[in-house]
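These notes are about the structure you will find just below.
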2 protein chains.
Amino acid sequence: MTTTGPSRRQRSDAQQNAIAVVKAAKEVFARGGVDAPAKEITDLAGVGVGTMYRHFPRRSDLVAAVMANEIDACADAAQALATAAKPGEALTQWAELYFDLVATKRGLAAALTSDDPGLQEIGPSVRDRLEPALQSLLDAARRTGAIHSELEAKGVITALALLCHPVPDEGVDFNRRLIAVFLNGLLVP
Amino acid sequence: MTTTGPSRRQRSDAQQNAIAVVKAAKEVFARGGVDAPAKEITDLAGVGVGTMYRHFPRRSDLVAAVMANEIDACADAAQALATAAKPGEALTQWAELYFDLVATKRGLAAALTSDDPGLQEIGPSVRDRLEPALQSLLDAARRTGAIHSELEAKGVITALALLCHPVPDEGVDFNRRLIAVFLNGLLVP
DNA sequence: AAATATACGGAAAGGTGTTCCGGAAAACAA
DNA sequence: TTGTTTTCCGGAACACCTTTCCGTATATTT
């Protein structure tokens, strides 16, 4: 049996490479979706495929890394909105933020709702971060009677992610309208 | 240049094989989604892969063949509902039919909204069949003031298809609730 | 400078979708 | 029935990706 081996701090080139891969992935994902060939990412990052898989064994790890910053910002925004605006409006505004996060990046909506084994992790991990924030918005809205439905945060966040899927021959405004109808159904007029 | 060659009627074994492939695909799609390996379908059908690709060059051709009957039935049902029920209810009832068609078949919702080149055809082809029927329901509902939104048939049918996507760890009732909220937003209370 | 853990690159292995073609079989003609 | 023509079949071959693996290179530590 081995105890935790002689630990040494991570090599600096490894750190640089990880950053380069995330940056390249961000660009490639935006263009070609999260199913883009690995080689496209590694070529752009200037590393070998092995390097990518060492840092991000599953595709979901890479997707999560790409989104981490924006997810955090979105969660924080929810907290801010919870106290700043009227509950009903806060919800609408937050939905718009979430929409900007998901719908404007080709393939990201698909990643969030995929049942592909390599991506299954990411939906839940994103929700773990965002659900509590959204739930507090929902609770506040429900207390003031602004909410009609029984739906919990998971339902809302799932519906939004689904309605963000790119639709052939349509721009993001199409999705925006779908979401508007959904929110309309959620909030009491 | 060649004129249309000496035409002869299709061989009977070819017809049988095509039918066998569709039948097998129906079963495999229901289990494993529309991205199931081709070999799984051909093995079940008892034919070689070449046979399948000859009859159905793109995956979407096969999916369309599998669904053709049910799509027709769903479109006809819309026509019937248009005259039978109150416009608002007719819409809700038709949505339930569409839901049964799409949500209960794993992966079919994904096929309808995929941007995979091999599947792009099927969303439109289904919509071409279903949109006119739904549009007449929408128009009727709008005439009686039961409809709130500006959304056209394409928007409604797209939203329904999206909200039918299987959600990990949740059953179809989860999707049903999402759709209920959407319809609630579509119809004036 | 030497020693050692860490990380790299890309070749190899494994899998799946799609094409292709020699041979088999059905349809037709006589 | 027998021969000829056309269609169609099966699965090997090809192409493209993902993922693993390991000999080599390099950063870090002593």
Side-chain angles (χ1 to χ4, degrees), chain A residues 2-22 24-25 28-29 31-63 107 111 114-122, chain B residues 2-25 28-29 31-63 107 110-111 114-122:
Chain A
T2 62
T3 62
T4 27
S7 99
R8 200 184 251 191
R9 87 160 184 275
Q10 186 189 44
R11 273 168 53 166
S12 59
D13 57 341
Q15 237 173 65
Q16 295 302 325
N17 277 326
I19 293 173
V21 168
V22 170
V28 170
F29 286 170
R31 279 207 311 271
V34 290
D35 288 329
K39 199 174 173 311
E40 217 169 298
I41 298 170
T42 57
D43 283 356
L44 185 59
V47 303
V49 279
T51 299
M52 172 180 143
Y53 278 97
R54 199 172 323 102
H55 286 293
F56 308 98
R58 286 164 307 157
R59 183 57 64 114
S60 63
D61 298 326
L62 189 51
V63 177
S114 171
D115 59 348
D116 174 328
L119 292 173
Q120 274 198 353
E121 200 78 355
I122 119 109
Chain B
T2 62
T3 62
T4 28
S7 99
R8 198 183 256 193
R9 88 158 183 274
Q10 186 188 43
R11 273 170 53 170
S12 59
D13 57 341
Q15 238 174 62
Q16 295 302 325
N17 278 327
I19 294 173
V21 167
V22 171
K23 190 179 164 199
V28 171
F29 285 170
R31 277 207 312 271
V34 289
D35 288 330
K39 199 173 172 311
E40 214 168 300
I41 298 170
T42 56
D43 283 357
L44 185 59
V47 303
V49 278
T51 299
M52 171 179 144
Y53 278 99
R54 199 172 324 101
H55 286 294
F56 307 98
R58 287 163 308 158
R59 184 55 67 112
S60 63
D61 297 326
L62 188 50
V63 176
S114 171
D115 59 349
D116 174 329
L119 292 174
Q120 274 197 355
E121 200 76 357
I122 118 108

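Being a predicted model, the structure only gives us computed values, none of them experimental. In what follows, chains carry the letters A, B, and so on, assigned in the order in which the sequence lines appear, proteins first and then strands, with residues in each chain numbered from 1. Reckoned from all heavy atoms, side chains included, excluding hydrogens, waters and symmetry mates.
Of the side-chain N and O atoms in A/Thr51, none sit less than 4.0 angstrom from OP1 or OP2 of C/dA7. For D/dC9, the OP1/OP2 oxygens have a side-chain nitrogen or oxygen of B/Asn17 closer than 4.0 Å. The shortest distance between the side-chain N/O atoms of B/His55 and the OP1/OP2 oxygens of D/dC9 is below 4.0 Å.
If you check every strand for non-hydrogen atoms under 4.0 Å, B/Val47 touches sugar and phosphate atoms only. B/Thr42 comes within contact range of no nucleotide atom at all, as no heavy-atom separation falls under 4.0 Å. Counting any heavy atom pair closer than 4.0 Å across all strands shown, A/Ala18 reaches no nucleic acid atom.
Of the listed nucleotides (D/dC9, C/dG9, C/dA5), C/dA5 has the atom at the smallest distance from the side chain of A/Arg11. Among D/dC9, D/dT19, C/dC8, the nucleotide with an atom closest to any side-chain atom of B/Arg54 is D/dC9. Of the candidate nucleotides D/dT20, D/dA12, D/dC8, D/dC8 has the atom lying nearest to any side-chain atom of B/Gln10.
The residue among B/Ala14 and A/Pro37 whose nearest nucleotide of DNA chain D is located toward the 5' end is B/Ala14. Residue order along DNA chain C, read from the 5' end via each residue's closest nucleotide, puts B/Ala36 first among B/Ser12 and B/Ala36. The 5' end of DNA chain D is approached more closely, in terms of each residue's nearest nucleotide, by A/Ala38 than by the other of A/Ala38 and A/Gly50.
Remark: P of D/dG11 and NZ of B/Lys39 are 9 Å apart, rounded to the nearest angstrom. What separates OH of B/Tyr53 from P of C/dC20 is a distance of 13 Å, to the nearest Å. Between A/Arg9 atom CZ and D/dT26 atom C1' the separation is 14 Å, expressed in whole Å. We find that CZ of A/Arg58 is positioned 11 Å from P of D/dT20, with the value rounded to whole Å. Rounded to an integer number of Å, the gap from CZ of A/Phe56 to P of C/dA7 is 13 Å. In this structure, CD of B/Gln16 is placed 14 Å from C1' of D/dC8, rounded to the nearest angstrom. For the pair A/Ile41 CD1 and C/dG10 P, the interatomic distance rounds to 17 Å; values are reported in whole Å. Counting to the nearest Å, the P atom of D/dA27 and the CZ atom of A/Arg8 are 13 Å from each other.
Inter-residue side-chain proximity for B/Ile41 and B/Phe29 is flagged as met; some heavy-atom pair is nearer than 4.5 Å. Residues B/Val22 and B/His55 are not in side-chain contact: their nearest non-hydrogen atoms beyond the backbone lie 4.5 Å or more apart.
Nearest heavy atoms, B/Thr42 versus B/Lys39: OG1-O, 3.0 Å. Annotation for B/Ala36 and B/Val28: closest pair CB-CG1, 3.4 Å, computed over non-hydrogen atoms.
The environment of CD in B/Glu40 is crowded: more than 12 heavy-atom neighbours from other residues, nucleotides or ligands sit within 6.0 Å.
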